[in-house]
Amino acid sequence: DNAWEMLLTALHMAWRVREVRRPDGKETMIKLGMSSGRICAGVIGMAAPRYSIFGDTVNTASRMASLARPCTGGQLTLHLSPSTAQQLTDSDRSALAAAALSVGPRGEGMEVKGKGW
């Protein structure tokens, strides 16, 4: 299941970034957002070709990250779009609960640019 694998990867990233300190000794913070859906990918450019992914799903994931709470002080937070949260199965949620993690609404109204939710 792609949403589950994506979630595990994001959790691993958030967990590992805690080991990285800034030059001033303070902890590094990371904000993570995820969205599921269609994307387009390809190499763009002739002089300096770059691999790129783009599409509404990429834009939504970026908005999820910008609205996410930073992972700090041992607290792991990921901001999931409704499309990603809906793809998580009951067994996925049970596995998260066993690790003392959960998926649920943030409990606050928030405006996501261009989404209407």
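Computation of the quantities below employed the complete heavy-atom set of this structure, encompassing side-chain atoms and omitting hydrogens, waters and symmetry-equivalent molecules. Being a predicted model, the structure only gives us computed values, none of them experimental.
S36 and S81 make their closest contact through N-OG, 3.8 Å (heavy atoms, listed as atom of the first residue, atom of the second, distance). A14 approaches I30 most closely through the heavy-atom pair CA-CG2, 4.2 Å. Residues I44 and S52 share a closest heavy-atom pair of CD1-CB, 3.8 Å.
The structure places OG1 of T84 at 13.5 Å from CH2 of W4, a figure rounded to the nearest 0.5 Å. In this structure, CG in L80 is found 6.5 Å from CG in L7, a value given to the nearest 0.5 Å. Taking CE from M34 and CD from Q87, the interatomic distance works out to 9.0 Å, rounded to the nearest 0.5 Å. How far NZ of K113 is from CG of L67: 11.5 Å, rounded to the nearest 0.5 Å. In this structure, the separation between CG on L88 and OG on S94 is 11.5 Å, given to the nearest 0.5 Å. Note that the CE atom of M13 and the CG atom of L32 stand 5.5 Å from one another [nearest 0.5 Å].
Remark: R38 engages no residue in a salt bridge (charged side-chain N to carboxylate O under 4.0 Å, His left out) (not counting sequence neighbours). In terms of the side chain to side chain donor-acceptor pair (under 3.5 Å) criterion, residue partners of R22 (sequence neighbours excluded) are, by chain and number, D24. A search for side-chain contact (heavy atoms from CB on, under 4.5 Å) contacts involving T89 returns S91, D92, not counting sequence neighbours.
Under the 4.5 Å side-chain heavy-atom criterion for ILVMFWY residues, a single connected hydrophobic cluster contains both M6 and W15.
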Candidate pair K31 and R69, rule side-chain contact (heavy atoms from CB on, under 4.5 Å), full reasoning: CA-CA 6 Å; K31 294 170 86 173; R69 294 181 181 129; over 6 Å; no
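The closest donor-acceptor contact from the side chain of T60 to the backbone of S35 lies at 3.5 Å or more, if one exists at all. Between the side chain of S62 and the main chain of V58, no donor-acceptor pair closer than 3.5 Å is present.
When the shell of 6.0 Å around CZ of R16 is examined, it contains 12 or fewer heavy atoms from other residues, nucleotides or ligands.
Residues V112 and M64 form a side-chain contact, since some pair of their non-hydrogen atoms from C-beta on lies under 4.5 Å apart.
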